[in-house]
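Below is one structure; the comments refer to it alone.
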Amino acid sequence: MEKVRVRFAPSPTGPLHMGGVRTALFNYLFARKHDGSMILRIEDTDQNRYVEGAEEYIMEALAWCGIEIDEGIQEGEEFGPYRQSERSNLYSRYANTLIENGWAYVAFDTPESLQSLREKAESKKETFTYDHKTRHQLDNSLNIGMEAAQKRIDNGDAYVVRFEMPESKTLNIRDIIRGDMHFNSGNLDDKVLFKSDGLPTYHLANIVDDHLMEITHVIRGEEWLPSLPLHVMLYHALGWSTPEFAHLPLILKPTGKGKLSKRDGDKMGFPVFPVEWKTKAGDVFQGYRENGYYPEAFVNMLALLGWNPGTEKELFSMDELITHFDLDKVNKAGARFDPEKAKWFNHQYLIRQSNHDITEEFMPMLKKKGYQPDMDTLTTIVSLVKERVSFVSELWEQTDFFFEAPSEYHQKFRKKAVKNDTPEILQSIRDILAAQDDFSSANLENKVKTWIENNELGFGKVMNPLRLALVGEGKGPHVFDILEILGKEESLKRIDVLLENIQDS
């Protein structure tokens, strides 16, 4: 196989959707699997839709995901420049080559005249298409001749260059993911290749750049499938060999119906962008990074949207993804996005982090709340509760009682925990705890359990009110671990407060 060269070629028209990130990821995995090169090319020929900051956002998002770029705006290399707007001098040459070779023509039809033709067709319940059936009745060089067309161009008349699609040619195209596909050129229209503003359309620029950058494999979303016959025909018309194509399945809404969009995230409360995006108007769109996801979890989740390794394994490091990735194992059908599964992936990565690392992430959150616990104590607390959370930001909800004594009691749990004999039981437990010089979890558990057994009491009858006193509700880790961390003085104080509360009520 020749040296693999793939490219990710987004348009800087806004933030990078997670579907775009997956396309970049699959290109990256394929390149690394085959010791190839990953190119980032910015396709910014549509200046009307250009959004300031989008280019920087794309690079920031890819870097956060760990997708390394070999050639691009920042990296350079011999195939640059890597912004299409800086390559504009190239495209007119190839547009002219196509005209000279009889594969394209100049068209002067105004937007108004074309709109009139569309409306006329619609009134007859038909569809107007600029193709082999209509082009000979329209305002173009096929009808007026190239000499007359050139005079109009010299006079400043607005024009476009259109591809002259053959009237009836069967195209047999093989896609790595979808297999053999067949198209008839007679069903296709004459697409615009070069616009009146002097810039190419995606179709021409894309083909020229892929050829000049020696791209071997075009891995992109299935929304580009309708353009595939034109792109193959352009390679043929320019006398170039075609790269191999692979069209990735859509990422579907959580319902499984329709393509996942930003609106779905807004409506259902989950991010669809890798990192946060802020508009000039002040709107903020949430990102996975800011929502507390680890980049490794996000990438792992994305990789399994449309790709199946063929095993039950679900957790992959980037290196493992590279080793196992195969385009032949990418599904044709759309992949349904499940927000809860995304959280599951983050949970799996969180619990595999060292307690120390999680503690270092958690500590700044506590400092903002005015607490600065001992690092070793906080590490112990984290070790007790990390299995209960999916994000570091959720640790506060699971640990707040270590820092703040209950100010009120969860009514449902209080009703369950407090019975007529609870004050007497709690007082006995308080006396046992007060008598202990060794306030370790193991010693306290031994003393209290022995007392429970000797008094033939149900375990819940003692532990529920004790947990209520310490935590204020029915959550938290092992009660005796909580006692050890709180210490004797604080633990006894909280038991006293509950006893007083019970007496008052």
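Source: prediction; values computed, not measured.
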Distance alone, cut at 3.5 Å: any donor-acceptor contact between the side chains of [X] and [Y]?
| X | Y | result |
| --- | --- | --- |
| Tyr288 | Asn346 | no |
| Gln286 | Asn291 | yes |
| Asn184 | Lys169 | no |
| Tyr294 | Gln348 | no |
| Asn140 | Tyr130 | yes |
| Gln150 | Asp154 | yes |
| Glu119 | Gln115 | yes |
| Arg178 | His247 | no |

Pairwise distance [atom1]([X]) to [atom2]([Y]) - rounded to 0.5 angstrom:
| X | Y | atom1 | atom2 | answer |
| --- | --- | --- | --- | --- |
| His356 | Gln353 | NE2 | CD | 11.5 Å |
| Tyr235 | Leu230 | OH | CG | 11.0 Å |
| Ile42 | Glu55 | CD1 | CD | 5.0 Å |
| Phe163 | Leu193 | CZ | CG | 7.0 Å |
| Leu327 | Asn27 | CG | CG | 8.5 Å |

(request) Evaluate the ring pair (Phe, Tyr, Trp, His ring centres under 6.0 Å) criterion for residues Tyr94 and Trp240: first the C-alpha distance (whole Å), next the side-chain angles of each, then the deciding distance (0.1 Å), finally the verdict. (result) CA-CA 12 Å; Tyr94 292 102; Trp240 298 336; 5.4 Å; yes
Does [Y] have [X] sitting over its ring (NZ/CZ under 6.0 Å from centre, angle to axis within 45°)?
| X | Y | answer |
| --- | --- | --- |
| Lys313 | Phe316 | yes |
| Arg5 | Phe79 | yes |
| Arg152 | Phe108 | yes |

Is there a donor-acceptor pair under 3.5 Å between the side chain of [X] and the backbone N or O of [Y]?
| X | Y | value |
| --- | --- | --- |
| Lys259 | Leu252 | no |
| Asp175 | Ile177 | yes |
| Asp109 | Leu138 | no |
| Ser11 | Asp44 | no |
| Ser185 | Pro166 | yes |

Give a yes or no on whether a salt bridge exists between [X] and [Y], defined as a side-chain N under 4.0 angstrom from a carboxylate O.
| X | Y | value |
| --- | --- | --- |
| Glu222 | Lys332 | no |
| Asp180 | Arg174 | yes |
| Glu60 | Arg289 | yes |
| Lys280 | Glu52 | yes |
| Asp189 | Lys191 | yes |
| Glu68 | Arg32 | yes |
| Arg87 | Asp209 | yes |
| Glu43 | Arg41 | yes |
| Glu71 | Arg7 | no |
| Asp131 | Arg162 | no |

For [X], is the [atom1] atom crowded, meaning more than 12 foreign heavy atoms sit under 6.0 Å from it?
| X | atom1 | value |
| --- | --- | --- |
| Tyr105 | OH | yes |
| Lys195 | NZ | yes |
| Lys341 | NZ | yes |
| Arg49 | CZ | no |
| Glu147 | CD | no |
| Glu397 | CD | no |
| Lys33 | NZ | yes |
| Lys368 | NZ | no |

(request) Kindly state whether the ring of Tyr349 and the ring of Trp344 have centres lying under 6.0 angstrom apart. (result)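 No, they do not, as the ring centres are separated by 6.0 Å or more.
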(request) Answer with yes or no after comparing the ring centroid distance for Phe325 and Phe26 against a 6.0 Å cut-off, counting only values under it. (result)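 Judged by ring-centre distance (under 6.0 Å), Phe325 and Phe26 do meet the cut-off.
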Looking only at non-hydrogen atoms, find the nearest pair between [X] and [Y] and report the distance.
| X | Y | answer |
| --- | --- | --- |
| Ile358 | Leu350 | CD1-O, 3.3 Å |
| Tyr82 | Glu78 | OH-N, 4.3 Å |
| Val389 | His347 | O-ND1, 2.5 Å |
| Ser88 | Ser85 | OG-O, 3.6 Å |

(message) Let's go through Phe391 and Tyr293 carefully: what are the C-alpha distance in whole Å and the side-chain angles of both, what is the deciding distance for ring pair (Phe, Tyr, Trp, His ring centres under 6.0 Å) to 0.1 Å, and is it a yes or a no?
(response) CA-CA 7 Å; Phe391 304 95; Tyr293 282 83; 4.8 Å; yes
(request) Apply side-chain contact (heavy atoms from CB on, under 4.5 Å) to the pair Arg22 and Leu248, showing each step before the final yes or no. (result) CA-CA 9 Å; Arg22 189 195 60 173; Leu248 307 175; 3.7 Å; yes
(message) Which label fits His34 and Phe30: parallel for a plane angle under 30°, tilted from 30 to 60°, or perpendicular past 60°?
(response)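 Ring orientation, 0 to 90° scale: tilted.
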(request) Describe, in one word, how the ring planes of Trp64 and Phe298 are oriented to each other, choosing from parallel (under 30°), tilted (30 to 60°) and perpendicular (over 60°). (result)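 Trp64 vs Phe298 ring planes: tilted.
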(message) Run the side chain to side chain donor-acceptor pair (under 3.5 Å) test on Thr110 and Ser113 for me, step by step, so that the C-alpha distance in whole Å, both residues' side-chain angles and the decisive distance to 0.1 Å come before the verdict.
(response) CA-CA 5 Å; Thr110 64; Ser113 66; 3.2 Å; yes
(request) Applying salt bridge (Lys or Arg N to Asp or Glu O under 4.0 Å), run through Glu394 and Arg388 and close with a yes or a no. (result) CA-CA 9 Å; Glu394 295 173 343; Arg388 301 164 185 262; over 6 Å; no
(request) Please report the C-alpha distance between Glu290 and Val275 in whole Å, then the side-chain angles of each, then the deciding distance to 0.1 Å, and finally whether the side-chain contact (heavy atoms from CB on, under 4.5 Å) criterion is met. (result) CA-CA 7 Å; Glu290 290 73 20; Val275 300; 4.1 Å; yes
(message) Could you work out, with side chain to side chain contact (heavy atoms under 4.5 Å, CB included) as the rule, every residue matching Asp266, not counting sequence neighbours?
(response)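 So Asp266 forms a side chain to side chain contact (heavy atoms under 4.5 Å, CB included) with Lys262, Phe285.
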(request) Could you tell me which residues satisfy side chain to side chain contact (heavy atoms under 4.5 Å, CB included) with Asp264, sequence neighbours excluded, listed by chain and number? (result)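 Applying side chain to side chain contact (heavy atoms under 4.5 Å, CB included) to Asp264 gives Lys253, Leu260, Ser261, Phe270.
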(request) Identify which one of Trp277, Phe8, Phe273 satisfies the side chain to side chain contact (heavy atoms under 4.5 Å, CB included) criterion when paired with Leu16. (result)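 Passing option: Phe8.
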